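Below you'll find the structure, written out as structure tokens, and then a few comments.
These numbers were taken from a predicted model, which means no experiment stands behind them. Letters go in sequence order (proteins before strands), and every chain restarts at 1.
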Protein chains: 2
Amino acid sequence: MNSPDLKSVCGCCSIKELCIPAGLAEEEVLLLDQHMNHRRTVRKGDALFRTGDAFRSLYVVSAGLFKTSMLHEDGRTQVTGFQMTGEYLGLDAISSGKHHCEAVALEGGSVCEIAFDQLESLGQLLPNLQHSFHKSLSREIVRDQGVMLLLGSMRAEERLAAFLLNLAKRSAHRRQSDSELILRMTREDIGSYLGLKLETVSRILSRFHDQGLLEVQGRHVRILSSEGLERIIRDH
Amino acid sequence: MNSPDLKSVCGCCSIKELCIPAGLAEEEVLLLDQHMNHRRTVRKGDALFRTGDAFRSLYVVSAGLFKTSMLHEDGRTQVTGFQMTGEYLGLDAISSGKHHCEAVALEGGSVCEIAFDQLESLGQLLPNLQHSFHKSLSREIVRDQGVMLLLGSMRAEERLAAFLLNLAKRSAHRRQSDSELILRMTREDIGSYLGLKLETVSRILSRFHDQGLLEVQGRHVRILSSEGLERIIRDH
DNA sequence: CGATTGGTTGAGCCCATTCAACGAATGTGG
DNA sequence: CCACATTCGTTGAATGGGCTCAACCAATCG
């Protein structure tokens, strides 16, 4: 499970402040470490789990970008999120013991895995870990409800503006540029996430480009005016 | 906090199988009991908490029906859920220590309150409680993602059909009729939750009535053909 | 009683979709 | 290496579903 030659993998991890170890004491991280399966690499297109799979483990993205999609009985499918480094995958599966969505890598990367029963046992020993896990679950609820607001009350332009600003903010938080974005997902993925058709996504990106808000070249997007994007959201 | 004259309130509660005590041993329920503030009554229109309030406690509906709404900075507002007996209120606030939505009673009722720090401490003592709490959080995530699917990929008729079937299912689970519904919320609340305008909600209820799927008289709705409603969802 | 709130229905409009054509990039097998 | 298929993205024209605006009714309340 753990690499015996390394005292602590999590303790040396470059994203530890974004990830489960955030806020834990050094000796707590050491203990956590022993229960983690570290940095399993995934290639673009790989599925970490699929809808209906039995739930055993949670994953945290350590590198790369993932998307999660729900499949409804009747063929309908909806992208429910794009996960960057430090974000959990599989939280929805705790409720019923099976996964309600599938998680697919949008680029090569890696994940850290922890068996959920072990995480719960560790939580009994480490109140800090328990609390930060609760915050992560709650943060996912807030995020999902934010998307509900977006889907329920915003028009297409506003949705896309909010999406781009959100990506930029999360990139910046990970010490990447907050204006230079590389959309690793297709227009269809974006549309599915935002409740729009891919043509609409494409059209609105072009419109933003024409308005001088963005530079768009395929999947390379540079935000020229985040104020302009924010104004679109504010002005309904 | 607790009523000293009662050995166990939760243990005698009529909805204990729907609520926090579900799956706990008798002595665990006794311990839980001592940390709960039981059955605070609320009147129609009362707010349990409002957006921005400091987070101290979680609530569980013990009687009545609540709605939660998010308020966006720019006046936009969105109903994020309707909570029936046994369902938590306030889970979104764990993430940041303040409430991201407001919870308002749609009819007279009552809630049980538990200070969150005490719930976490109890969780350290009672792994069963810890686990069932995790399942509740995860269930809320699944629910929210289900609404994302609804808002992102269903048309107005399908949304309303899904909404009515969901209400009916949850009512039946609480030993109420699964065909006789009383909509305690306004058409505007329903519309906000489903990403529709109130006129659209009204029109579609009338359409369902004309099609013989429902009997509609104001807020009293009788489902005449749940198969018909399911077919609407299935036939896109 | 008038005022207010909640609900229904109609007419016209607009935003996003549908349908379609086309171009660019990538990959594959001969 | 090229021919070809496939995937992804862009853009145009026409359509339609839900919205906007508006009028009206019913129930409730001070």
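Dashed line: the shortest gap from a side-chain N or O of A:R187 to OP1 or OP2 of D:dT10 is under 4.0 Å. At D:dG9, one or more side-chain N or O atoms of A:R219 fall inside 4.0 Å of OP1 or OP2 (strictly under the cut-off). A sub-4.0 Å separation between OP1 or OP2 of D:dT11 and a side-chain N or O of A:S202 is absent. Between B:R155 and C:dT17 there is no side-chain N or O to OP1 or OP2 distance below 4.0 Å. Residue B:T200 places at least one side-chain N or O closer than 4.0 Å to OP1 or OP2 of D:dC19. A:R203 has no side-chain polar atom (N or O) that falls below the 4.0 Å cut-off from OP1 or OP2 of D:dT10.
To the nearest angstrom, C1' of C:dG7 lies 11 Å from CD1 of B:I190. Rounded to an integer number of Å, the gap from CG of B:L160 to C1' of C:dG7 is 14 Å. Note: NE2 (A:H236) to P (D:dT20) measures 12 Å, nearest angstrom. What separates NE2 of A:H220 from P of C:dA25 is a distance of 12 Å, to the nearest Å. Spacing between atom CG of B:L205 and atom P of C:dT8 amounts to 7 Å, rounded to whole angstrom units. What separates CD of A:E188 from P of C:dT18 is a distance of 12 Å, to the nearest Å. Look at CD1 on A:I204: it is 12 Å from P on D:dT10, rounded to the nearest Å. The CD-P distance, from A:E199 to C:dA20, rounds to 12 Å in whole Å.
Residue B:G195 is classed as a sugar-phosphate contact, given heavy-atom separations below 4.0 Å to backbone atoms only. Backbone-only contact: B:T186 has heavy atoms under 4.0 Å from sugar-phosphate atoms and none from a base. Note on A:L198: a base of the nucleic acid sits closer than 4.0 angstrom, heavy atoms only.
Residue A:M154 holds its CE atom at 11.5 Å from CG of A:L160, rounded to the nearest 0.5 Å.
At most 12 heavy atoms of other shown residues, nucleotides or ligands fall within 6.0 angstrom of atom CD in B:Q217. Heavy atoms from other residues, nucleotides or ligands lying under 6.0 Å from CZ of B:R56 number 12 at most.
Looking at A:D189 and A:T186, their side chains come closer than 4.5 Å, going by heavy atoms from C-beta outward. At a threshold of 4.5 Å between non-hydrogen side-chain atoms, the residues A:V61 and A:M84 do not count as touching.
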